[in-house]
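By convention here, the first residue in the shown sequence is residue 1.
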Amino acid sequence: MNHQHPLFKLSACLLLAVTMLVAGCSSLPDKSSETADVKTKSIKKQAKKSVAKTPVEPQQVTNLWDEIVDGYGLPEVSDDRVSKNLRWLANNQRYLDRVALQSRPYLHYVTNELKANGLPLELALLPIVESAYNPFAISPSRALGIWQFMPQTGRNFGLAQNHWYDGRRDVMASTDAAVRYLKRLNTMFDGDWFLAVAAYNAGEGTVRRAIDRNRKQGKKADFWSLPLSQQTQSYVPQLIALSKVIANPGKYDLELAAIPNNPYFTTVNVSSPIDLAQAARMAEIDPKELRNLNAGYNRWITNPSGPHQLLVPVADAAQFTLTLDKLPQIKPMQIAGDYKVKSGDTLGALAKRYGTSVAAIQAANNLKSTNLRVGQSLSIPGQAPVDSPYARQAEQEIAQRNTKNTGVYYTVKSGDSFWTIAKSNGTSVNNLLKWNDLSANAKLKPGQKLLVANSAVTQKDGNKITYQIKSGDTLNKIANKFAVSTKDILSWNKVKNESYIHPGQELTIYLSAKN
């Protein structure tokens, strides 16, 4: 039996008590730790609240194509006609390159107008289908501009058409009209965008009659079921296929050059008529670019009665504005106004009386013939535009650039003459004058470009040419132009039928020996 010292017992008891106290304390919640957790959670909540209250700026989409795709709103659809157009696009990189390049000056403005009006941004691609974004595109039925407005439809939507100006070619005016027209069509067809787009192509009456016909026969009345023309049946699928390629070009082994998501042009107000070609030359702007941006003007001289504004590339706006102050004033040119046809009147007599031309009166009034009727109201244009040497030179340069050839150009230097230029380039003066559409007494100017070696069409393999389809072209017209068959054109280009050809597309054509 062990006997312990009393002091040892006391120490043991104290040790046991302390141990129990420590153990007990560790089992209770730590107030200081809990307080710290509460403070941390409170700080986190306050931080979250402060972040939520700070507005987050949306990140700018730098590529305009991405902006367009983000605004898509047409329904998804799977149809053989869409697939056929997709296959065609997948094999035509050059077509995509061309329409992307041609749309660049106008696409930002069109996209913003559609977006501001709450319309699906696939519609920004509609001018590609209509005109390949060519403001000077014209169809056989006289539809004009990037939106291809017919004369009467243009007037219905406020697009002025006269001797000086045609609003159907004005990118801002025609886009405003197209937006209003598309909104009206969408409402008319109860929000069905496929029917609205089909009606934009074929006319609302045509689509309505097709719908009524199907309903009477107990058939479906959606776009895909309607008995519309082949052109209209391929029109909507072209737009859908194009939208799919724009959204994901890599999926179809295609490339799409980025377009900056910034305005390309700005407006500059002018107070009086000006010579566009002269202003372009003085401001060092490409005359063709200035003309394309202001395609609404029928002449290089702006409309005396308005609109009094020009579209100018943003990068050139400041220099162009300074140039306006240095331009010589053009004498005011009055518009003769309206005239009521009297017995015995002829267009020739009226043109002579008012100092204009028969062609000008016909253009101002959209007359197809020279026949007049008593009481008919005519708009008589006034003095013809000044025949500006700047305009003549600009037209010449543009014509040369628009000719797809392997020609050689020469830049005129001080002291040059037609004879010295012809001799140094191994040709004749007559050829120079003919190729450049110049008269023998025309004056040469330093910096002027002359075509000195001409080849009207690029030929390869002896008789192979490349032809770019223009708005209004048909397969039959192209075949007749080159004395070949439509069947051969389809075969050479691996195209199934005419619905697969588009403005801006290039066709390979093999000429016969007699060509």
Smallest separation among heavy atoms of Arg169 and Ala295, with atom names: NE-O, 2.8 Å
Qualifying ring-ring contact (aromatic ring centres under 6.0 Å, His included) pairs, either residue in residues 128-152, two or more places apart: none
Carboxylate-amine/guanidinium contact Lys288 Asp286, below 4.0 Å: no
Side-chain heavy-atom pair Met188, Arg208 within 4.5 angstrom cut-off: yes
Side-chain touch Pro151/Arg142, heavy atoms, less than 4.5 angstrom: yes
Distance (rounded to the nearest 0.5 Å) between Ile246 CD1 and Leu256 CG: 4.5 Å
Derivation of the side chain to side chain donor-acceptor pair (under 3.5 Å) call for Asp170 and Tyr297: CA-CA 8 Å; Asp170 183 320; Tyr297 295 111; over 6 Å; no
For Asn248, all residues meeting side-chain contact (heavy atoms from CB on, under 4.5 Å), sequence neighbours excluded: Lys251
Non-hydrogen side-chain atoms of Val197 and Leu123 separated by less than 4.5 Å: yes
Working for side-chain contact (heavy atoms from CB on, under 4.5 Å), residues Thr175 and Ile146: CA-CA 9 Å; Thr175 298; Ile146 64 172; 4.3 Å; yes
Over all atoms of both residues, closest heavy-atom pair of Ala279 and Phe320: CB-CE1, 3.7 Å
Check: Ile259 and Ser103 side chains under 4.5 Å, non-hydrogen atoms: yes
Leu367 backbone acceptor or donor facing Asn365 side chain under 3.5 Å: no
Which atom of Val171 lies closest to which atom of Leu293, heavy atoms considered: CG1-O, 4.4 Å
Glu204 to Arg184 - nearest heavy-atom pair and separation: OE2-NH2, 2.6 Å
Contact check, side chains of Val207 and Thr232, non-hydrogen atoms, under 4.5 Å: no
Heavy-atom side-chain proximity of Gln362 to Thr370 below 4.5 angstrom: yes
Ring center gap for Tyr109 and Phe265 short of 6.0 angstrom: yes
Verdict with reasoning, Leu121 to Val69, per side-chain contact (heavy atoms from CB on, under 4.5 Å): CA-CA 7 Å; Leu121 295 191; Val69 173; over 6 Å; no
Close side-chain approach of Leu327 to Met282, heavy-atom, < 4.5 Å: yes
Exercise: identify the closest heavy-atom pair between Leu311 and Leu290: O-CD1, 3.7 Å
Ser234 side chain vs Gln231 backbone, donor-acceptor pair below 3.5 Å: yes
Pairs satisfying side-chain hydrogen bond (donor to acceptor under 3.5 Å, both in side chains), at least one member in residues 314-328, at least two apart: none
Neighbour count >12 (heavy atoms, 6.0 Å) for atom CD, Gln152: yes
Val245 and Leu254: CA distance, side-chain angles, deciding distance, side-chain contact (heavy atoms from CB on, under 4.5 Å) verdict: CA-CA 8 Å; Val245 166; Leu254 295 168; 3.6 Å; yes
Closest contact, heavy atoms only, Lys183 versus Asn117: NZ-OD1, 3.3 Å
Donor-acceptor contact below 3.5 Å, side chain Glu122 vs main chain Gly73: yes
Residue pair Ser131, Gln148: steps toward the side-chain contact (heavy atoms from CB on, under 4.5 Å) verdict: CA-CA 7 Å; Ser131 65; Gln148 289 287 280; 4.2 Å; yes
Side chain to side chain, Ile478 and Leu507, heavy atoms closer than 4.5 Å: yes
Short side-chain to backbone donor-acceptor contact, Glu67 and Thr62, under 3.5 Å: no
Expected output: side-chain Ser139 to main-chain Ala143 donor-acceptor under 3.5 Å: yes
Main-chain N/O of Leu159 paired to Gln161 side chain as donor or acceptor, under 3.5 Å: yes
All side-chain contact (heavy atoms from CB on, under 4.5 Å) counterparts of Thr266, not counting sequence neighbours: Val314, Ala317
Reported OH-to-CG distance for the pair Tyr165 and Asn298, which is rounded to 0.5 angstrom: 10.0 Å
Contact list for residues 168-187, test ring-ring contact (aromatic ring centres under 6.0 Å, His included), sequence neighbours left out: Phe157-Tyr181, Tyr181-Tyr200
CG on Asn156 to CZ on Arg180, rounded to 0.5 Å: 10.5 Å
Thr420 side chain to Ser417 backbone, donor-acceptor under 3.5 Å: yes
Under 3.5 Å: donor-acceptor pair, side chain of Asn92, backbone of Tyr95: no
Spacing of Tyr106 atom OH and Thr111 atom OG1 [to the nearest 0.5 Å]: 14.5 Å
Exam field: side chain Asp416 to backbone Lys413, donor-acceptor pair closer than 3.5 Å: yes
Gap between atom CG of Asn186 and atom CH2 of Trp193 - 0.5 Å precision: 4.0 Å
Trace of the side chain to side chain donor-acceptor pair (under 3.5 Å) decision for Tyr235 with Glu130: CA-CA 9 Å; Tyr235 185 78; Glu130 283 285 350; 2.5 Å; yes
Partner of Thr302 by side-chain contact (heavy atoms from CB on, under 4.5 Å), out of Asp275, Ile274, Asn294: Ile274
Check: Val110 main-chain N/O paired with Glu113 side-chain donor or acceptor under 3.5 Å: no
CG on Leu107 to CD1 on Ile128, rounded to 0.5 Å: 7.0 Å
Non-neighbouring partners of Phe223 that pass ring-ring contact (aromatic ring centres under 6.0 Å, His included), sequence neighbours left out: none
